[in-house]
Amino acid sequence: MKINDLSRENLPRHIAVIMDGNGRWAKNRSMPRIHGHQVGMDSVRAVISTCAQVGVEYLSLYAFSVQNWLRPETEVRALMLLLKTFIQKEIDNLHRANIRVTTMGEIDRLPRDAYELARSGLEKTRDNTGMVLNIAWSYGGREEIVRAAKEIACKAARGELDPAAIDERCVARHLYTADMPDPDLLIRTSGEMRISNFLLWQIAYTEMYVTDVLWPDFREEETLRAIAEYQTRKRRFGRTDEQLSVNA
Ligand code: IPE
Ligand code: IPE
Ligand code: MG
C-alpha cells in the first residue's frame with residue numbers, strides 16, 4: 001500500500017503509538033537490545049513522515065515509560081542518548097516540515113544535557129502549525145492522573161476552583177493532553193495485548209490496532225495499513241447501530 005492508495009475520508013485526527021518490540025527484534029538477530037532501539041529510530045522517522053503526509057493532526061509516541069527506569073542502567077543510558085541524538089539530528093527537519101514538537105511526562109528527570117536539548121527543540125517548533133508530534137518520555141498514565149488530581153486539589157484548597165464544578169472537562173484540562181483531542185487510533189506493535197500505562201484516561205473510546213510486527217519493522221506501509229483498518233471501524237460511543245445510521 002502506498003500513501004496515494006489511502007482514502008482521505010475518515011482519517012484519524014490523533015494517533016497514539018506504543019512502540020514495542022525493539023528488544024525482541026534484536027534478540028531474533030542475536031544482537032544486543034540496544035541495536036533494536038537504534039533501528040527503531042528509523043521507524044520513528046518513517047511513522048512521523050507518513051502521518052504528516054497523510055494529514056494526521058496529532059501523533060503521540062510512547063518512547064519511555066516511568067516504569068522503564070527500572071531497566072538495566074546501560075539500557076536506560078542508551079535510550080537517553082538515542083533521544084538526545086534524535087532531537088539533535090531531527091529537530092531542523094521537523095521544524096522545516098512545520099511540525100510542532102511537544103512532550104508529556106517527567107522530562108525534568110532526563111539528564112541535564114538531554115533536558116536542555118529537549119527544551120530548546122520544543123521552543124524552536126513552538127509556533128509551527130502542522131502536525132503535533134507529542135513524545136511521551138518518562139510518562140505514565142496513572143502518574144498523569146495523580147498529577148492532575150493534585151493540581152485540582154491544590155486549586156480547590158486555594159479557593160480557585162469549586163469542588164462541585166469538577167467534571168470530565170476539568171480533569172481533562174489538567175492532563176498533559178489538555179490541548180489535544182483524544183486519540184482516535186491506538187497502535188501497539190509486537191503483539192502484546194495490553195496498555196502498559198499509556199494514556200489511560202484519554203483512550204476511553206479509542207480504536208485499538210495491535211500488530212505482531214516488531215517496532216523496527218513498522219514503517220510507512222504498516223502505518224498506512226493501520227490507518228486503513230481504522231477507516232473500516234464503526235465507532236458507536238455506546239449508542240446502537242440504528243441510532244448511528246439515523247444520524248448519518
Ligand atoms: C520498546 O521496545 C522500546 C521501549 C520500551 C523503550 P522494548 O525494549 O520494550 O522491546 P521488547 O518488548 O523487549 O521486545
Ligand atoms: C511500553 O512497552 C512502553 C513503551 C513502549 C515506551 P514496555 O515494553 O515497557 O511494556 P511491557 O513491560 O511489555 O508492558
Ligand atoms: Mg517491550
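All ligand and atom numbering here is 1-based and tracks the order in the structure.
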*Using distance alone, determine whether S65 and ligand 2 share an N or O pair under 3.5 Å.*
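S65 vs ligand 2: no N/O contact under 3.5 Å.
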_If you measure every N or O of N68 against every N or O of ligand 2, does any of those distances drop under 3.5 Å?_
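Yes, at least one N or O pair falls under 3.5 Å.
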By number and element, which atoms of ligand 2 are closer than 4.0 Å to a non-hydrogen atom of [X]?
| X | result |
| --- | --- |
| I18 | 1 (C), 5 (C) |
| M19 | 5 (C) |
| F64 | 6 (C) |

*asked:* Using a 4.0 Å cutoff against the non-hydrogen atoms of H37, which atoms of ligand 1 qualify?
replied: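 Every atom of ligand 1 under 4.0 Å from some heavy atom of H37: 3 (C), 8 (O).
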Under a plain distance cut-off of 3.5 Å, with no hydrogens placed, do [Y] and [X] share a side-chain donor-acceptor pair?
| X | Y | value |
| --- | --- | --- |
| D182 | T206 | no |
| T189 | D20 | no |
| E116 | S120 | no |

*For the pair K2 and D5, find out whether any cationic side-chain nitrogen is under 4.0 Å from an anionic carboxylate oxygen.*
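Not counted as a salt bridge, because no side-chain N and carboxylate O are separated by less than 4.0 Å.
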*Please determine if E229 and R225 form a salt bridge, counting it only when a charged side-chain N lies under 4.0 Å from a carboxylate O.*
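So E229 does not pair with R225 through a salt bridge.
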If you measure from [atom] to every heavy atom of [options], which option wins on shortest distance?
| atom | options | value |
| --- | --- | --- |
| atom 13 (O) of ligand 2 | R24, R194, E192, Q67 | R194 |
| atom 9 (O) of ligand 1 | E75, K27, R71 | R71 |
| atom 6 (C) of ligand 1 | S196, S190, A63, A26 | A63 |

_E143 side chain vs V66 backbone, donor-acceptor pair below 3.5 Å_ =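 Not at all, since once roles are kept as given, no pair shorter than 3.5 Å links the two residues.
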*Does W137 use its side chain to pair, donor to acceptor, with the backbone of I107 at less than 3.5 Å?*
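Judged by distance alone, no pair lies under 3.5 Å.
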*Examine D20 and say whether one of its N/O/S atoms is closer to the Mg ion (ligand 3) than 2.8 Å.*
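Yes - counting backbone and side chain alike, D20 has an N, O or S atom under 2.8 Å.
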*With side chain to side chain contact (heavy atoms under 4.5 Å, CB included) as the test, would you mind laying out the steps for D241 and R236 before giving the verdict?*
CA-CA 7 Å; D241 268 340; R236 281 186 286 272; 3.1 Å; yes
*Taking both backbone and side-chain atoms of W25, is any N or O found less than 3.5 Å from an N or O belonging to ligand 1?*
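No, no N or O pair falls under 3.5 Å.
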_Residue pair T125, I99: steps toward the side chain to side chain contact (heavy atoms under 4.5 Å, CB included) verdict_ = CA-CA 7 Å; T125 64; I99 289 172; over 6 Å; no
*Does at least one non-hydrogen atom of R33 fall below 4.0 angstrom from an atom of ligand 1?*
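Yes, R33 has heavy atoms under 4.0 Å from ligand 1.
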*How about atom 11 (P) of ligand 2: does it have a protein heavy atom within less than 4.0 Å?*
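At least one protein heavy atom is under 4.0 Å away.
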